[in-house]
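To start, the structure itself, in structure tokens.
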Amino acid sequence: MKTIFKKSLFLLLLFINVSQAQEFQGRAIYISKSLNNVVFDTKAMSDEKAKELNEKINKMFEKIFVLNFNKAESIYQQEQKLKETGSRGSTFAFELEGELYKNSQTKKYLKAEEFANKNYIITDVLKNYNWDITQESKKIGGYTCYKAISITKVTKKELQEYEVEKAKQSKNKTSFFNLEKPKDKKITVWYNPEIPVSHGPNQYWGLPGLIMEVNENNLIILCSKVILNPKDKKSIKAPKNGKVISQNAYDLMEEKQYNKLKDENGVIHIDANSN
């Protein structure tokens, strides 16, 4: 009798744990910033004016994203935000980035994208960042977060593409910008083990806690708010509306379309009179 009772109790606790895991949901709000420093002609503009313009440019590319997540899945999508421009106060909205679905159990992602007036679902395996977890900590939004670092080595393809573009620039002897030789990328993140899910903004994931901050080159993504078990829970499901395609195939398609815009010297010509 005791054995039957113990088994029944175990199954009940297991059912409760599974149900709670399925019902658990959280929401994190992120601010994404690209900190670029455009070098202007100092003869035509003062340093103060150049600084002011850089601040305006960086503000234009500031975006807000929402990450809805449960134990295994997450949906990352951009919030639409109207931007004001022009002396008459007219407004416009930037094109939104596609919805990104990640699953930490299957280690796959799906992203909804629109290209050439067609809908696609990009699907592939989540990147393994091989995080180096440190004991360094800091507070973010009242949570104690820990630092983790990932180094992405520069690829042969990136170096080859750099050499090709460099040769084209040398041949043309004119360019609006200087090419930078690709190098290893260092990604520094801060994760929160108090929320033990393996999620994060954008493609970042794979730590024993929610990623609260990302620093990669000129990109900074910072979590401004976390809500656990919100009343208005969102259905976290993979996007389905579009042709399924691999990330590599999608990148090749984009590259092919981009190359069509170039002339033999690699210069892109834009017809300002076209509608």
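The backbone N or O of Phe24 lies less than 3.5 Å from no partner atom in the side chain of Lys233, so there is not a single donor-acceptor pair. A donor-acceptor contact shorter than 3.5 Å is absent between the side chain of Gln257 and the backbone of Glu254. Not one N or O on the side chain of Arg27 forms a donor-acceptor pair closer than 3.5 Å with the backbone of Asn229. Panel note: side chain Gln78, backbone Glu97; a donor-acceptor pair is recorded below 3.5 Å. Here the side chain of Lys237 pairs no donor or acceptor atom with the backbone of Ile75 at under 3.5 angstrom. Checked by atom type and distance alone, the side chain of Ser74 never pairs as donor or acceptor with a backbone atom of Asn68 at under 3.5 Å.
Under the ring-ring contact (aromatic ring centres under 6.0 Å, His included) criterion, Phe69 pairs with His199, not counting sequence neighbours. Scored by the salt bridge (charged side-chain N to carboxylate O under 4.0 Å, His left out) test, Glu136 finds Lys147 as partners (sequence neighbours excluded). Scanning for ring-ring contact (aromatic ring centres under 6.0 Å, His included) contacts around Tyr30 gives an empty result, with sequence neighbours left out.
Tyr76 is connected to Leu228 through a chain of hydrophobic side-chain contacts under 4.5 Å among Ile, Leu, Val, Met, Phe, Trp and Tyr, so both are in one cluster. Follow the hydrophobic side-chain contacts under 4.5 Å out from Tyr109 and you reach Ile187 in the same cluster. Hydrophobic clustering (side-chain heavy atoms under 4.5 Å, transitive across Ile, Leu, Val, Met, Phe, Trp, Tyr) keeps Phe115 apart from Ile121. Cluster membership for Leu222 and Trp190, using ILVMFWY side-chain heavy atoms within less than 4.5 angstrom, is shared.
Within the structure, the ring pair (Phe, Tyr, Trp, His ring centres under 6.0 Å) test picks out the following pairs touching residues 202-235 (sequence neighbours left out): Tyr129-Tyr204. Contacts classified as ring pair (Phe, Tyr, Trp, His ring centres under 6.0 Å) and involving residues 140-167 (residues at least two apart or in different chains) are not found. Every pair passing salt bridge (Lys or Arg N to Asp or Glu O under 4.0 Å) that includes a residue from residues 207-218 is listed here, sequence neighbours excluded: Lys138-Glu213.
In the model, Asn103 has a side-chain atom that pairs as donor or acceptor with a side-chain atom of Tyr101 under 3.5 Å. A donor atom on one side chain and an acceptor atom on the other are found under 3.5 Å apart for Thr152 and Lys127. Inspection of the Lys139 and Thr144 side chains reveals an N or O donor paired with an N or O acceptor under 3.5 Å.
Heavy-atom minimum distance, Ala238 versus Leu110: CB-CD1, 4.1 Å. The shortest non-hydrogen separation linking Gly206 to Trp131 is O-CD1, 3.6 Å.
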